[in-house]
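Whatever order the structure lists them in is the order used to number ligands and atoms, beginning at 1.
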Amino acid sequence: LSPPQRLEGDGRVQRVVLSGGEVVDCDFAIAAVGAVPNKDLLHGTPIAAGRAILADAYCRTNVPGIYAAGDCAAVFDPLFGKHRMLDHWDNAIVTGKLAGRNMAGMSEPYSAVNYFFSDVFELSLSAWGDSRHIDRRLLRGTPNVDSPDFIEFGVGAEGRIVQVLVVGHSGEDETLRDLVGKRVKVNGNEEALKDPKSDLKGLL
Ligand SMILES: Cc1cc2nc3c(=O)[nH]c(=O)nc-3n(C[C@H](O)[C@H](O)[C@H](O)COP(=O)(O)OP(=O)(O)OC[C@H]3O[C@@H](n4cnc5c(N)ncnc54)[C@H](O)[C@@H]3O)c2cc1C
């Protein structure tokens, strides 16, 4: 599908017209526009930033004694080997606590598997990992519209799980997090991952 060009409707949104001319009927539209950190506070300071304030795995900026955490920071994530701007609740809690502990004298690196959760009406959504590394996707469960209950495994080019996305499903959070945290290799286990009856713990 081509990118959306405009919304149309009779007093309320009823369809999305795409730039290629296709028309998609809908009942409502959700704009997922992302977030842009306000960096005004940094003007005139030597604190290094890209899209967000750059912090190492200890939440330290390039200026001694100044730490950054939460939405305004891109903390170095050793699991994915890069600075990551993760504008989610769990990341704000994890990096906020970590920065606080390190400011108070600890020396702890970031060791979490990043986690996102949200609810859209009665639909729950959770995710661990990084979608930018996904080469192919494996589906486990039912993605039907009425009662979705499925897990999608994002597999990187090197054959390891790099992201897990969960919709309408609960009860396996620790295992799913560890499948990403351990970058489990899927080669040969594709059918087990796709079969909702198979035990995921066995793959760890
Ligand atoms: C509409 C919306 C929906 C969201 N839904 C989800 C979701 O479903 N799941 C999820 O995981 N995340 C969600 N998020 C993201 C989540 O809210 C943020 O990631 C999280 O709140 C970040 O926490 P934070 O403490 O880093 O920043 P914030 O919560 O933004 O807190 C920063 C605080 O600093 C204050 N401040 C700013 N500048 C200054 C200054 N110069 N001096 C003093 N104080 C200052 C601000 O007023 C604010 O109170 C959503 C965000 C929005 C906007």
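- Within a 6.0 Å radius of CG in Leu204, more than 12 heavy atoms belonging to other residues, nucleotides or ligands are found.
- If you check the side chains of Arg60 and Asn102, you find no donor sitting under 3.5 Å from an acceptor.
- Atom 46 (C) of ligand 1 is never approached by the protein to below 4.0 angstrom, counting heavy atoms only.
- Remark: ligand 1 and His88 share an N or O pair separated by less than 3.5 Å (distance only, no angle test).
- Residue Tyr115 is tested with Ile93, Asp90, Leu86 for a side chain to side chain contact (heavy atoms under 4.5 Å, CB included); the sole match is Asp90.
- Shown here, atom 26 (O) of ligand 1 is in close reach of the protein: a heavy atom of it lies under 4.0 Å off.
- Distances from atom 19 (O) of ligand 1 to the protein include at least one heavy-atom value under 4.0 Å.
- The protein does not reach atom 31 (O) of ligand 1 closely, with no heavy atom under 4.0 angstrom from it.
- Trp89 N, 2.9 Å is the protein heavy atom nearest to atom 11 (O) of ligand 1.
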| request: Applying ring-ring contact (aromatic ring centres under 6.0 Å, His included), run through Phe80 and His133 and close with a yes or a no. | output: CA-CA 9 Å; Phe80 289 98; His133 297 264; 5.4 Å; yes
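- The contact set between ligand 1 and Asp71, taken as ligand atoms under 4.0 Å from a residue heavy atom, comprises 18 (C), 19 (O), 20 (C), 22 (C), 26 (O).
- Using bins of under 30°, 30° to 60° and over 60° for the plane-to-plane angle, the ring pair Phe76/His83 lands in the perpendicular bin.
- Looking at Arg140, its side chain does come within 3.5 Å of a backbone N or O of Leu193 through a donor-acceptor pair.
- Between Phe117 and Trp89, the ring planes lie tilted relative to each other; the angle falls in the 30° to 60° range.
- Among Ser118, Ala127, Cys72, the residue whose heavy atom sits closest to atom 8 (O) of ligand 1 is Ser118.
- Comparing Asp87, Asn91, Ile93 by heavy-atom distance to atom 15 (C) of ligand 1, the nearest is Asp87.
- Ligand 1 has no nitrogen or oxygen under 3.5 angstrom from a nitrogen or oxygen of Asp119.
- For atom 52 (C) of ligand 1, the nearest protein heavy atom lies 4.0 Å away or farther.
- Counting only distance, with no hydrogens or angles, the side chain of Arg51 and the backbone of Ala74 share no donor-acceptor pair below 3.5 Å.
- When each of Asp56, Asp130, Asp77 is tested with Lys82 by the rule salt bridge (Lys or Arg N to Asp or Glu O under 4.0 Å), just one qualifies, namely Asp130.
- Scanning the protein heavy atoms around atom 40 (C) of ligand 1, the nearest turns out to be Leu41 CD1, 4.9 Å.
- Protein heavy atom in closest approach to atom 9 (N) of ligand 1: Phe117 O, 2.8 Å.
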| field | Verdict with supporting geometry, Glu8 and Val17, side-chain contact (heavy atoms from CB on, under 4.5 Å) | value | CA-CA 7 Å; Glu8 285 185 355; Val17 181; 3.7 Å; yes
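- Shown here, atom 3 (C) of ligand 1 is out of close reach of the protein: none of its heavy atoms lies under 4.0 Å off.
- Here the protein heavy atom with the shortest distance to atom 24 (P) of ligand 1 is Ala92 CB, 4.0 Å.
- Between Phe153 and the options Val184, Leu179, Val186, a side chain to side chain contact (heavy atoms under 4.5 Å, CB included) holds for only Leu179.
- For atom 22 (C) of ligand 1, a protein heavy-atom neighbour is present inside the 4.0 Å cut-off.
- Of all the atoms in ligand 1, the ones that sit under 4.0 Å from a non-hydrogen atom of Gly70 are 26 (O).
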